[in-house]
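So you know, we letter chains A, B, ... as the sequences are listed, proteins then strands, and number each from 1. Just so it is clear, the structure is predicted and the values come from calculations on it, not from any experiment.
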Protein chains: 2
Amino acid sequence: MSTTQGARARARIEVTAAIKDEARRQLAAEGAAKLSLRAVARELGMVSSALYRYFPSRDDLLTALIIDAYDSVGESAETAHAKVADASPLRRWTSVCEAVRGWALAHPHEYALIYGSPVPGYVAPETTVPSAARVALILIGVVQDAHQAGALTEPPLPAGLRPEADRMIADFAGGLPPGSAVALVAAIAETFGLVSFELFGQFRRVVEDREPFFRHAVRRLALGVGLADV
Amino acid sequence: MSTTQGARARARIEVTAAIKDEARRQLAAEGAAKLSLRAVARELGMVSSALYRYFPSRDDLLTALIIDAYDSVGESAETAHAKVADASPLRRWTSVCEAVRGWALAHPHEYALIYGSPVPGYVAPETTVPSAARVALILIGVVQDAHQAGALTEPPLPAGLRPEADRMIADFAGGLPPGSAVALVAAIAETFGLVSFELFGQFRRVVEDREPFFRHAVRRLALGVGLADV
DNA sequence: CCAATGCAAGAGCGGTGCTCTCTTTTTTGT
DNA sequence: ACAAAAAAGAGAGCACCGCTCTTGCATTGG
């Protein structure tokens with residue numbers, strides 16, 4: 001059925017992919033703001049209105065690219081993590097963070113698309129959530145493993161944040177001590193702060209030797225979450 | 001001279017201010033991407049081409065808004081800091097960070113303009129640097145004060161980062177121990193990571209009770225820089 | 001007073017996202 | 001097998017955008 005579902009269905013898949021590829025090319029070259037449906041259509045030898053048969057609006061095309069970008073960085077992180085799966089939690093954590101930074105430097109416009117300013121009236125549809133969570137899920141898993149191996153020190157947690165921590169644990173950080181759950185979420189946001197500052201030019205004339213600086217900062221964040229120093 | 005410099009010069013200043021005000025209004029309402037020279041001109045009752053007598057391009061108008069935004073958040077931070085000038089360094093640090101977050105929540109589009117994705121081919125001109133540095137300078141000052149008061153513990157620093165740290169100290173962190181200088185810069189970027197994640201929607205369904213979460217995270221970052229826990 | 005300058009206005013260029021209509025092609029149901 | 005229905009492409013057109021150029025008018029400084 002699905003194999004020989006007619007030339008039309010197959011063509012649709014191919015054209016959709018071609019549109020996304022060309023759009024991704026333009027995104028990587030010029031950034032999201034300069035991505036133009038007309039230019040994509042032009043490059044593909046079709047007329048601009050034909051493109052609306054595949055993506056109902058520019059925003060929908062952008063959403064597709066956003067999901068792809070999340071998956072791309074997520075896959076980079078997963079690959080990097082797999083390569084050090086047997087190492088210490090600390091080592092696994094830093095490897096994942098460095099993979100994220102490496103991906104960001106290699107795909108700056110895609111990084112800006114997903115971790116920079118959201119486009120004007122745009123709210124990410126629910127479909128992006130699973131892809132968006134991939135990097136975080138790896139880091140959560142690392143901390144969970146460390147906890148089960150007895151290699152996790154729980155950071156202090158003010159009493160007022162206890163309900164929030166319990167909710168986090170129930171929602172996505174099962175098994176972790178409350179203080180670790182909160183520290184973990186904060187450390188993830190803080191790590192992306194380091195990447196964003198570097199990528200968005202805030203480190204100009206401030207941090208020059210950026211790779212070792214990032215390694216050091218990420219390592220300290222991981223220690224702050226309570227990962228054992230090995 | 002400057003007082004009675006003719007009606008023309010005065011009019012120019014007023015019109016320039018009116019343009020910036022209306023542009024800021026549109027920026028706050030719809031975001032940078034939807035800021036349109038034509039709409040600004042329309043609202044001011046002039047024709048769009050007339051606007052080019054005041055700002056040579058849309059990017060130049062945006063640059064003016066960027067500088068204003070940096071000054072605005074810088075002033076918020078400075079005001080907040082002045083209110084607790086006699087408190088402990090830790091308290092001063094967290095007050096400044098909370099002021100930044102408060103300003104960001106009140107001016108999301110302006111925050112996105114300066115700390116989000118840079119606009120496409122745009123590189124911030126040197127004129128933005130002094131305004132951009134204001135928040136960081138306050139935090140650096142806090143740590144310097146703590147150091148001079150003997151209330152600063154130097155975080156560890158790998159030998160490889162020592163040259164970088166010395167450069168930072170020479171450039172903008174005079175008097176600080178090397179480990180503190182590096183930790184300080186990282187903590188600033190990490191703090192903005194927390195703000196950006198919240199503002200850009202990355203905390204949806206992840207952090208609900210955001211104000212106390214931020215307070216806690218920022219406090220832990222400050223302790224990580226070595227500020228004494230008082 | 002008069003020439004030089006500053007400024008507003010208007011027309012216009014090439015670009016954008018998006019809609020609508022029309023034609024052709026493929027799929028589907030009887 | 002054939003007609004009806006659905007899908008796809010093409011083209012024209014709308015309203016907007018940033019930006020440029022020319023044309024008149026007002027202000028200014030020598």
Side-chain angles (χ1 to χ4, degrees), chain A residues 1-20 22-23 25-27 29-66 109 113 118-122, chain B residues 1-20 22-23 25-27 29-66 109 113 118-122:
Chain A
M1 289 276 110
S2 63
T3 64
T4 324
Q5 207 185 328
R8 181 157 253 166
R10 190 164 15 207
R12 180 162 240 288
I13 291 171
E14 275 169 25
V15 173
T16 305
I19 292 171
K20 285 215 301 189
E22 176 57 28
R25 247 189 28 76
Q26 290 193 18
L27 171 63
E30 300 269 22
K34 295 216 173 160
L35 185 146
S36 139
L37 284 191
R38 290 184 113 111
V40 170
R42 210 179 301 132
E43 210 67 22
L44 264 51
M46 40 169 108
V47 82
S48 73
S49 59
L51 233 151
Y52 286 81
R53 301 273 176 204
Y54 299 88
F55 295 93
S57 79
R58 185 181 179 277
D59 271 7
D60 289 270
L61 177 52
L62 237 108
T63 298
L65 295 184
I66 286 175
H109 288 117
L113 185 63
V119 300
Y122 178 85
Chain B
M1 290 265 113
S2 62
T3 64
T4 324
Q5 210 184 330
R8 180 157 258 165
R10 188 161 20 201
R12 181 164 238 287
I13 290 172
E14 274 170 26
V15 174
T16 304
I19 292 171
K20 284 215 302 190
E22 176 58 28
R25 245 189 31 74
Q26 291 193 15
L27 171 64
E30 299 269 22
K34 295 215 172 158
L35 185 148
S36 137
L37 284 190
R38 289 184 115 112
V40 170
R42 208 180 303 131
E43 210 67 23
L44 263 51
M46 40 169 111
V47 82
S48 73
S49 59
L51 237 151
Y52 286 82
R53 298 271 173 198
Y54 299 89
F55 294 92
S57 80
R58 184 181 179 277
D59 271 7
D60 289 87
L61 177 53
L62 242 121
T63 299
L65 295 183
I66 286 175
H109 287 118
L113 185 63
V119 300
Y122 178 84

Rounded interatomic separation in angstrom, taking CD from A/Glu14 and P from D/dG9: 12 Å
Closest non-hydrogen atom pair, B/Leu62 against B/Ala32: CD2-CB, 4.4 Å
Nucleotide C/dG17, atom C1' - distance to CG of A/Leu62 in whole Å: 13 Å
Nearest-Å distance for atom pair CZ/C1', residues B/Phe55 and D/dC19: 16 Å
Atom-pair distance (CG on A/Leu51; C1' on D/dA7), nearest Å: 15 Å
Per B/Arg58 side chain, nearest of listed nucleotides C/dG17, D/dA8, D/dC19: D/dC19
Sugar-phosphate, base or nothing in reach of A/Leu44, heavy atoms under 4.0 Å: nothing
Nucleotide of C/dC18, D/dG11, D/dG18 approaching B/Leu37 most closely (side-chain heavy atoms): D/dG18
Spacing between B/Tyr52 atom OH and D/dC19 atom C1', to the nearest angstrom: 5 Å
Nearest-nucleotide 5' precedence on DNA chain C, A/Ser36 against A/Arg53: A/Ser36
Selection from D/dC16, D/dA8, D/dG18 that lies nearest to any side-chain heavy atom of A/Arg8: D/dA8
Spacing of A/Asp60 atom CG relative to C/dG17 atom P, expressed in whole Å: 13 Å
Sugar-phosphate, base or nothing in reach of A/Ser48, heavy atoms under 4.0 Å: base
B/Arg12 CZ to C/dG6 P, straight-line distance once rounded to whole Å: 9 Å
C/dA8 phosphate, OP1 or OP2, under 4.0 Å from B/Tyr54 side-chain N/O: yes
Presence of A/Arg42 side-chain N/O under 4.0 Å of C/dT16 phosphate oxygens OP1/OP2: yes
Sugar-phosphate only, base, or nothing, as touched by A/Leu35 at under 4.0 Å among non-hydrogen atoms: sugar-phosphate
Between C1' of C/dT16 and CZ of A/Arg38, the distance in whole Å: 6 Å
Given C/dT21, C/dC7, C/dC20, the nucleotide with the shortest approach to the side chain of A/Ser49: C/dC20
